[in-house]
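Single-structure report; data block below.
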Amino acid sequence: MNKDKILNTVDQLIVMYQNGELGGEVMPEDANPHLEKSSNENYLYFTLPMALNYQRNSYTLWENALRTYNDEETRFVFNPKICLEKNFEEVQYALTKYKVALQKQKQTEIWLALCKTFMEFYNGDIRKLFDSFDNDVDQIKYFIQKQNKRRFPYLSGTKICNYWLYVMYQYTDRLYKNIENLTVAPDTHVVKATHRLGLITDEELNRHDVQSIVIDRWNELLNETKYKPIDIHTPLWLWSRNGFKEIK
């Protein structure tokens, strides 16, 4: 692994991204109702569907989330209090009407579990989670991923937790402390792009802990550089998704 060579390639990749050469004019989460950035409703919109973003097309997920929000019959699913007042079948129907939930039993259970956590911990106001840790990335991740992992199903996962925090940073008014500790979100595209750059080996690509390896390699590579790990996430994702366009 030639670190200087990879960093040079990263420079080129980011320039291509900034010039629009990797695509990305429309990102999956751009399918949203354009709520007030600081509102709890906006925070919940970008939180609940994220827990169902597992091995599926992200664009389709968020398009379906927007259709669900825009339908007065199904909009209630974005309100934890109302969700918990409904019976299971009503929530299940609302989540599956536009295919926000693909696994109708399991993913409805995940959604309701998060609603229960948000109500019990924060009276339904997810902004209080960030406030309670003074917007410190390290403390937020520790609370979700270590202390209360079961209370945040899927949202506490290695990939989704980091990406969710990144999306909240992009689409809400939230500003973080220790943002440099927000890692790349090692989904399939980011893992493939990391391998393509030579930052992980063929053997590591097929290991069960490849996500952790990818996070560690980017943290190591970008330490004491001008980049934070999260800076490279979207360029990597787009580069892989669009077939690894030749880097100039």
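Between Phe143 and Phe152, the angle of the ring planes goes over 60°, which puts this pair in the perpendicular group of the 30/60° scheme. Aromatic ring pairs are classed by plane angle as parallel below 30°, tilted from 30° to 60° and perpendicular above 60°; the pair Trp111 and Phe78 is perpendicular. Below 30°, between 30° and 60°, or above 60°: for Phe130 and Tyr43 the angle between ring planes is above 60°, a perpendicular geometry.
Residue Glu89 qualifies as enclosed at atom CD: its count of foreign heavy atoms under 6.0 Å is above 12. With a 6.0 Å radius and a threshold of 12 heavy atoms from other residues, nucleotides or ligands, Lys97 has its NZ atom above the threshold. Counting non-hydrogen atoms of neighbouring residues, nucleotides and ligands closer than 6.0 angstrom, the OH atom of Tyr54 reaches no more than 12 such neighbours.
Annotation: cation-pi pair Arg67/Tyr98 absent, no NZ/CZ under 6.0 Å from the ring centroid and within 45° of its normal. No cation-pi contact links Lys37 to Tyr171, judged by a cut-off of 6.0 Å to the six-membered ring centre and 45° from its axis. With a 6.0 Å cutoff to the six-membered ring centre and a 45° limit on the axis angle, Arg174 does not count as a cation-pi contact of Tyr169.
Taken together through direct or relayed side-chain contacts under 4.5 Å among Ile, Leu, Val, Met, Phe, Trp and Tyr, Phe88 and Tyr93 form parts of separate hydrophobic clusters. Residue Leu238 is grouped with residue Phe244 when hydrophobic side chains (ILVMFWY) are merged at heavy-atom distances under 4.5 angstrom, including chains of intermediate members. Linking ILVMFWY residues whenever their side-chain heavy atoms come closer than 4.5 Å, directly or via other members, places Ile213 and Leu197 in the same cluster. Cluster membership check: Ile215 does not share its hydrophobic cluster with Tyr142, using side-chain heavy-atom separations under 4.5 Å among Ile, Leu, Val, Met, Phe, Trp and Tyr. Cluster annotation: Tyr17 and Tyr227 are assigned to the same hydrophobic cluster (Ile/Leu/Val/Met/Phe/Trp/Tyr, side-chain heavy-atom contacts under 4.5 Å, transitive).
Considering only heavy atoms from C-beta on, Asp4 comes within 4.5 Å of Asn2 through its side chain. Taking the side chain as every heavy atom from C-beta outward, Trp237 and Ile232 never approach each other to under 4.5 Å. Counting heavy atoms from C-beta on, the side chains of Thr68 and Arg75 never come closer than 4.5 Å. Inter-residue side-chain proximity for Asn53 and Arg56 is flagged as met; some heavy-atom pair is nearer than 4.5 Å. Side-chain contact between Leu95 and Gln107 is absent, with no heavy atoms from C-beta onward closer than 4.5 Å. By the 4.5 Å heavy-atom criterion applied to side chains, Pro186 and Val210 are not counted as neighbours.
Side-chain N/O atoms of Tyr163 and Glu29 include a donor and acceptor closer than 3.5 Å.
The shortest non-hydrogen separation linking Ile230 to Thr183 is CD1-O, 3.3 Å. When all heavy atoms of Ile179 and Val137 are compared, the pair lying nearest together is CA-CG2, 4.2 Å. Considering every non-hydrogen atom in both Ala101 and Leu52, the closest pair reads CA-CD1, 4.1 Å.
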TODO: Take Asn162 and Lys141 through the side chain to side chain donor-acceptor pair (under 3.5 Å) test and state the conclusion after the steps.
DONE: CA-CA 8 Å; Asn162 279 284; Lys141 290 204 308 183; 3.1 Å; yes

- [ ] Could you check Thr47 against Trp164 for side chain to side chain donor-acceptor pair (under 3.5 Å), going step by step and ending with a plain yes or no?
- [x] CA-CA 7 Å; Thr47 297; Trp164 170 61; 3.0 Å; yes

TODO: Could you please spell out the steps behind the side chain to side chain donor-acceptor pair (under 3.5 Å) verdict for Tyr69 and Glu41?
DONE: CA-CA 11 Å; Tyr69 183 88; Glu41 194 174 15; 2.6 Å; yes

- [ ] Quick one: do Asn42 and Thr172 satisfy side chain to side chain donor-acceptor pair (under 3.5 Å)? Show the steps, please.
- [x] CA-CA 7 Å; Asn42 189 51; Thr172 75; 5.6 Å; no

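With respect to Glu120, the salt bridge (charged side-chain N to carboxylate O under 4.0 Å, His left out) criterion is satisfied by exactly one of Lys128, Lys81, Arg151: Arg151.
Within the 3.5 Å criterion, the main-chain N or O of Gly124 finds a donor-acceptor partner in the side chain of Asn40. Between the side chain of Gln145 and the main chain of Ser156, a donor-acceptor pair closer than 3.5 Å is present.
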